[in-house]
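Here is the naming used below: chain letters follow the sequence lines, and residue numbers restart at 1 for every chain. Just the heavy atoms: all of them, side chains too, but no hydrogens, waters or symmetry mates, feed the values below.
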Amino acid sequence: MGEKPVTDTPERPTDERTRRLEKVERMRAAGIEPYPVRFDRSTTIGGLREKFPDVEAGTETDEVVRIAGRLLLLRRQGKLTFATVRDGSGAVQLFVSEGEIGIEGHNDFDALDLGDWVGVEGVVMTTRKGELSVKVRSFQLLAKALRPLPDKWHGLSDVDTRFRQRYVDLIVNEEARRVFEIRFKVMAAIRDYLGSLGFIEVETPVLHDQAGGAAARPFLTHHNALDMDLVLRIALELHLKRLIVAGFDKVYEMGRVFRNEGLSTRHNPEFTMLELYEAFVDYGEMMTLTEELVAHCAMVALGTTQVIHDGEVLQLAPPWRRLTLRDAIIEHAGVDVHPSMPVEAVRVLCDKFEVPYEQSWGSGKLMLEIYEKTTEHRLVGPVFVLDYPREVSPLARVHRDDPTLTERFEAIIGGRELANAFSELNDPVDQRERFEAQAQLQADGDAEAHGVDEDYLRAIEYGLPPTGGLGIGIDRLVMLIAGVTSIREVILFPQARPERPEVIRALAVEEAESEITPNS
RNA sequence: GGGUCGCUAGCUCAACUGGCAGAGCAUCGGGCUUUUAACCCGCAGGUUCAGGGUUCAAGUCCCUGGCGACCCA
């Protein structure tokens with residue numbers, strides 16, 4: 001053995017860790033395996049609680065159970081120890097008495113550390129105070145924890161550590177577990193709901209040879225065998241619409257997309273999108289579907305369609321208010337803007353609202369910029385904002401009543417875009433023109449614009465039926481329903497910079513030292 | 001990218017204008033057979049993010065860097 005304890009990230013070696021390592025060695029020396037292969041449970045803790053919901057205080061049943069979980073709290077009281085163990089379904093108290101398992105057994109139990117995984121067998125009972133407990137008859141260490149848990153009362157609150165070591169966050173912070181339970185319920189509710197409507201869930205490629213379907217910078221990667229650069233998808237759109245061409249009436253995909261942009265409380269470089277497409281309908285149906293789907297998710301996850309956002313109660317139950325982009329701007333900025341206006345006139349309005357712009361932008365793009373600066377953040381909603389300029393909507397069909405607009409809406413809740421949908425553009429000639437306009441923007445240096453997707457055009461030249469399409473940011477939906485303000489709270493392992501360089505440096509120093517004085 | 005704030009024991013946090021670096025929890029030792037963040041007594045635990053500077057003296061002031069939070073673009 002080396003002369004000093006093994007260090008590893010992120011902390012320096014702790015006495016606690018060394019102590020527990022030594023404990024592991026002692027156990028092995030005594031013939032006890034600290035990491036046994038398996039443990040047969042008779043029930044989960046949740047199942048146990050379900051079976052014994054209401055046992056009178058001071059009862060000892062004749063039911064013997066075998067449960068397993070992580071040891072979270074220990075309360076030793078002389079010849080009696082109370083412990084709290086938790087598995088994936090819940091927590092329960094262990095009642096460990098010297099009278100039941102003897103002095104030696106009790107001391108062995110006492111040698112367990114907080115954080116250890118244990119399996120126990122015992123009789124179901126309640127204490128004098130009525131706490132459901134398992135009176136331990138025998139127990140077994142299932143996995144030794146080497147690192148101590150954070151403070152049992154305050155938990156782990158350092159945000160950076162919480163996200164980097166999410167496993168610890170989830171062990172000790174009830175709120176973290178609550179948020180992810182909501183996330184998983186929401187995702188399951190979406191699949192259930194769409195399935196019940198006849199939608200088919202599909203999976204399309206993550207690696208694309210060309211980015212498309214949204215305005216965003218992609219991540220670049222490289223395929224060695226093909227010797228070609230690829231991008232990670234920024235949207236699901238173009239593949240899903242190929243599937244509508246293929247003859248699927250209703251398809252959806254819920255999956256990860258990647259956008260090469262900054263990190264913030266609202267942005268993580270990889271996030272989860274739901275996109276769905278339905279043949280023969282327009283954006284009106286998409287509105288109905290959106291409000292019903294969101295309300296359904298809230299109902300499943302929370303049991304109510306009311307959510308609290310920024311201290312205010314929002315009602316998600318349909319119907320949601322609908323107003324045009326133009327009317328929204330009139331309402332909140334007090335000016336009437338329309339893509340048909342001369343660009344000079346719209347620039348004057350941009351100046352008035354201190355909206356920066358580029359010379360290449362037309363009235364439609366400027367209109368959207370004005371909306372984003374003056375109006376969007378004030379829309380508490382839920383509200384559907386309809387009819388976006390054609391210039392900023394390269395995949396949406398032209399509005400049936402106004403050739404400068406498209407049949408597109410965004411759902412806004414709490415000042416943020418939650419969903420984006422259109423009557424899909426299915427005219428291949430028009431689509432080619434839009435792509436070419438995007439390609440021009442790209443050539444002019446717009447890193448978020450993309451070129452002509454020839455295969456997509458070929459696909460819709462086979463005929464894309466009239467189609468309604470919808471995209472919902474799942475992370476934002478979960479944030480809304482869970483009532484949290486940072487996207488990192490709803491992503492299990494949010495993006496972070498590599499861990500503290502001084503740790504790496506310290507390890508490098510140790511390596512250098514070990515070269516000078518080799519271990520004997 | 002700009003601004004503000006933060007980084008102290010394993011965890012959560014203190015340390016007034018520069019003057020011996022502390023508490024609670026966890027750990028360790030002792031006590032306690034119905035606790036619920038159990039409790040009581042005692043011990044130990046520190047590269048104050050890193051590096052440099054000012055000073056008799058730096059957790060504290062200055063500079064550079066790292067990581068993070070919030071606000072702005």
Chemist: Please output the side-chain donor-acceptor pairs of residues 330-338 of chain A that fall under 3.5 Å, not counting sequence neighbours, one pair per line with the distance.
Modeler:
unit_1: A:Glu331; atom_1: OE1; unit_2: A:Arg321; atom_2: NH2; d: 2.7
unit_1: A:Glu331; atom_1: OE2; unit_2: A:Arg321; atom_2: NH1; d: 3.1
unit_1: A:His332; atom_1: ND1; unit_2: A:Ala328; atom_2: O; d: 3.3
unit_1: A:Asp336; atom_1: OD1; unit_2: A:Arg326; atom_2: NE; d: 2.7
unit_1: A:Asp336; atom_1: OD2; unit_2: A:Arg326; atom_2: NH2; d: 3.0
unit_1: A:His338; atom_1: ND1; unit_2: A:Ser340; atom_2: N; d: 3.1
unit_1: A:His338; atom_1: ND1; unit_2: A:Ser340; atom_2: OG; d: 2.7
unit_1: A:His338; atom_1: NE2; unit_2: A:Asp402; atom_2: OD2; d: 2.8

Chemist: Using a 4.0 Å heavy-atom cut-off, does A:Ser157 contact any base of the nucleic acid, only the sugar-phosphate backbone, or nothing at all?
Modeler: sugar-phosphate
Chemist: In this structure, how many angstroms lie between the C1' atom of B:C49 and the CG atom of A:Asp158, rounded?
Modeler: 12 Å
Chemist: To the nearest Å, give me how far apart CD1 (A:Ile171) and P (B:G10) are.
Modeler: 18 Å
Chemist: Distances under 3.5 Å between protein N/O atoms and the N/O atoms of nucleotides 70-73 of chain B, please, pair by pair.
Modeler:
none

Chemist: Find the distance A:Glu16:CD to B:C28:C1' and express it as a whole number of Å.
Modeler: 9 Å
Chemist: What integer distance in Å separates A:Asp160:CG from B:C49:P?
Modeler: 15 Å
Chemist: Find the distance A:Lys135:NZ to B:U33:C1' and express it as a whole number of Å.
Modeler: 10 Å
Chemist: Please assess A:Thr272 against A:Arg183 for the test side-chain hydrogen bond (donor to acceptor under 3.5 Å, both in side chains), listing each intermediate value before the final yes or no.
Modeler: CA-CA 11 Å; A:Thr272 303; A:Arg183 180 176 185 120; 3.2 Å; yes
Chemist: Just the atom pairs and distances: protein N or O near nucleotides 37-39 of chain B's N or O, under 3.5 Å.
Modeler:
unit_1: B:A37; atom_1: O3'; unit_2: A:Lys152; atom_2: NZ; d: 3.4
unit_1: B:A38; atom_1: OP1; unit_2: A:Lys152; atom_2: NZ; d: 2.5
unit_1: B:A38; atom_1: OP2; unit_2: A:Arg75; atom_2: NH1; d: 3.2
unit_1: B:A38; atom_1: N7; unit_2: A:Arg76; atom_2: O; d: 3.3
unit_1: B:A38; atom_1: N6; unit_2: A:Arg76; atom_2: O; d: 2.9

Chemist: Closest-nucleotide mapping onto RNA chain B: is A:Glu98 or A:Thr161 further toward the 5' terminus? I mean the 5' end.
Modeler: A:Thr161
Chemist: Please work out if A:Gly58 contacts a base, only the sugar-phosphate, or nothing of the nucleic acid, heavy-atom cut-off 4.0 Å.
Modeler: nothing
Chemist: Would a line drawn from the ring center of A:Phe95 to the ring center of A:Phe82 be shorter than 6.0 Å?
Modeler: yes
Chemist: Rounding to an integer number of Å, can you tell me how far A:Glu174 CD sits from B:U36 P?
Modeler: 20 Å
Chemist: Identify, between A:Ala83 and A:Ala496, the residue whose nearest nucleotide on RNA chain B lies closer to the 5' end.
Modeler: A:Ala83
